[in-house]
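In what follows, a single structure is set out as structure tokens and then discussed.
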Amino acid sequence: MPKMKTHKGAAKRFKKTASGKFKRSHAYHRHILTKKDAKRKRRLRKATLVHVAEVKKLKKLLPYA
């Protein structure tokens, strides 16, 4: 079997944690920030975990993560 290729788009967006879960950053924090309140922007700064339903897809995209 040939080596599997990592999906580079996914590799840039997701990181695997030590426990095997996937970490992602929030959307809506790149531009048009003036109309968003400070509390919302502060919450968007923090990373969050990928939902359990999506993990199977990510494992396929990132075989060596």
Verify side-chain contact (heavy atoms from CB on, under 4.5 Å) between E54 and F22, making sure each step is shown before the conclusion.
CA-CA 10 Å; E54 307 296 330; F22 285 94; over 6 Å; no
Residue K36 excluded, over 12 heavy atoms near NZ under 6.0 Å
yes
Taking atom CZ of R13 as the centre, does the number of heavy atoms from other residues, nucleotides or ligands within less than 6.0 Å exceed 12?
no
Return yes if some donor-acceptor pair links the side-chain N/O of [X] with the main-chain N/O of [Y] below 3.5 Å, else return no.
X: Y64; Y: M4; result: yes
X: K15; Y: A65; result: no
X: H26; Y: K46; result: yes
X: K41; Y: L33; result: yes

Measure the NZ-OG1 distance between K3 and T6 for me, rounded to the nearest 0.5 Å.
10.0 Å
How long is the span from the NE2 atom in H29 to the CZ atom in R45, to the nearest 0.5 Å?
6.0 Å
Identify the two heavy atoms, one from [X] and one from [Y], that lie closest to each other, and give their separation to 0.1 Å.
X: V55; Y: V50; result: CG2-O, 4.4 Å
X: L62; Y: H7; result: CD2-O, 3.9 Å
X: Y28; Y: L44; result: O-CD1, 3.3 Å

